[in-house]
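Scroll down for the structure; my scribbles are underneath it.
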2 protein chains.
Amino acid sequence: MSPEPAALRGRDPELELLGERLRNTRDYLGMSQQHVSDMTGIPRSAVSDIERGARRVDSLELKKLARLYMRPVSYFLAKEEEADLGEHALAGLPRALVGLSDGDWEEVLSFAEFLKFRRASEKEREPGE
Amino acid sequence: MSPEPAALRGRDPELELLGERLRNTRDYLGMSQQHVSDMTGIPRSAVSDIERGARRVDSLELKKLARLYMRPVSYFLAKEEEADLGEHALAGLPRALVGLSDGDWEEVLSFAEFLKFRRASEKEREPGE
DNA sequence: CGACATGGGTCGGGATTTCCGACCTGCGTG
DNA sequence: CACGCAGGTCGGAAATCCCGACCCATGTCG
């Protein structure tokens, strides 16, 4: 019955900041927690906890995440200041996709969804062309 | 009751490499584990375990260590060879962009180009927002 | 509108890991 | 030899983590 067992989940500004950055980046890339989980092996609920600053992030986990998010590890550990999403952006992307405004990026994603949808429905409708 | 508690010492090469690097750096700087412990708050026995790859290193702990050792965090996490961006870069793409057929991919790129072009010309035409 | 699907937060509780506090060996050194 | 320091190791106890739901909010579709 200890009101404060000790390092209760949450309440660590550093961890929260880290989680926040991880979430922002994931959102920016349009990935779901599930996808991140699949790609990294980190349990989905853990991804959720991490982003809420309720769970620590192991070094190697952070490394995997950084890789998946295409950012240097330091990006997530940096000191407040140098934490701008737009900057470090996507190094290995086709030129056509870099430098898009957030709004345009959204449009591109929607368009891509549309294309995939169209392809899927075509296939569904007429299996054997 | 567990055939494989998986809690065995030093089973993860990655962790061992990380620990090795940490130890080498500490040795190089002539610090004792005790000193590192005092400076970082990481229990001394934990420092020992870490260096032997028997314990994970939390992200924030690594940050503190890197700071104490005056090295960038990436120094300890860097992969032997920093290359192969191609494949892994794509692994981090938003799901909307994954799994597109070549043709659709072309369309997406074209669309992106179009958006950038449009935005550019709009701006040119109407400088002041 | 209701049936579903997806995304994300939260929780109980057993499984793991970490921490604490020794204890032990190895090494100089006085 | 006694001493002190460094680092490795261990027995639990305590803190965390993970699994597997369960919930709620948002769409989407028929």
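Heavy-atom basis, side chains included; hydrogens, waters and symmetry copies ignored. Each chain gets a letter, A, B and so on, in the order the sequences are listed, and its residues count up from 1.
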A:Asp49 CG - D:dC18 C1' separation (whole Å):
10 Å

Whole angstrom value for the distance that separates P of C:dT16 from CZ of A:Arg55
15 Å

Does the pair A:Ser59 and B:Asp58 meet the rule for a side-chain contact (heavy atoms from CB on, under 4.5 Å), with working shown?
CA-CA 5 Å; A:Ser59 303; B:Asp58 173 77; 5.8 Å; no

Rounded to the nearest angstrom, tell me the gap between atom CG in B:Asn24 and atom P in D:dG7.
13 Å

Please tabulate, for side-chain N and O atoms in residues 62-78 of chain B, each donor-acceptor pair with protein atoms closer than 3.5 Å (sequence neighbours left out).
{"unit_1": "B:Lys63", "atom_1": "NZ", "unit_2": "A:Glu14", "atom_2": "OE1", "d": "3.2"}
{"unit_1": "B:Lys63", "atom_1": "NZ", "unit_2": "A:Leu77", "atom_2": "O", "d": "3.2"}
{"unit_1": "B:Arg71", "atom_1": "NH1", "unit_2": "B:Tyr69", "atom_2": "O", "d": "2.8"}

Rounded to whole Å, CD of B:Glu61 lies from P of C:dT17 at a distance of 15 Å

Listed partners of B:Asp49 passing side chain to side chain donor-acceptor pair (under 3.5 Å), at least two apart
none

Test item: A:Glu61 and A:Arg55 side chains (from C-beta on) under 4.5 Å apart, heavy atoms
yes

Contact state string [nucleotides 24-30 of chain C, B base, S sugar-phosphate only, - no protein heavy atom under 4.0 Å]
-------

Rounded to the nearest Å, what distance is computed from the CZ atom of residue A:Arg11 to the P atom of nucleotide D:dA15?
18 Å

Is there a donor-acceptor pair under 3.5 Å between the side chain of B:Glu20 and the backbone N or O of B:Leu17?
no

Counting C-beta onward and ignoring hydrogens, is there a side-chain heavy-atom pair between A:Ile42 and A:Val36 closer than 4.5 Å?
no

Could you check how far CZ of B:Arg52 sits from P of D:dG7, rounded to whole Å?
12 Å

B:Arg26 or B:Arg56: which one's nearest nucleotide on DNA chain D is closer to the 5' end?
B:Arg26

Is A:Glu16 salt-bridged to A:Arg11, going by a charged N under 4.0 Å from an acidic O?
yes

Report the C-alpha distance between B:Gln34 and B:Met39 in whole Å, list the side-chain angles of each, state the deciding distance to 0.1 Å, and finish with yes or no for side-chain contact (heavy atoms from CB on, under 4.5 Å).
CA-CA 9 Å; B:Gln34 183 60 61; B:Met39 301 300 282; over 6 Å; no

Please list all pairs passing the salt bridge (charged side-chain N to carboxylate O under 4.0 Å, His left out) test where one or both residues lie in residues 25-40 of chain B, with sequence neighbours left out.
B:Arg26-B:Glu51

Using a 4.0 Å cut-off on heavy atoms, which residues in residues 30-46 of chain B reach DNA chain D? List them by number, or say none.
B:Ser32, B:Gln33, B:Arg44, B:Ser45

Using whole Å, what does the distance between atom P of nucleotide C:dT16 and atom CG of B:Asp12 come to?
17 Å

With nearest nucleotide decided by heavy atoms, which residue, A:Ser48 or B:Val57, maps closer to the 5′ end of DNA chain C?
A:Ser48

Expressed in angstrom and rounded to an integer, what is the separation of A:Glu20 atom CD from C:dG9 atom P?
13 Å

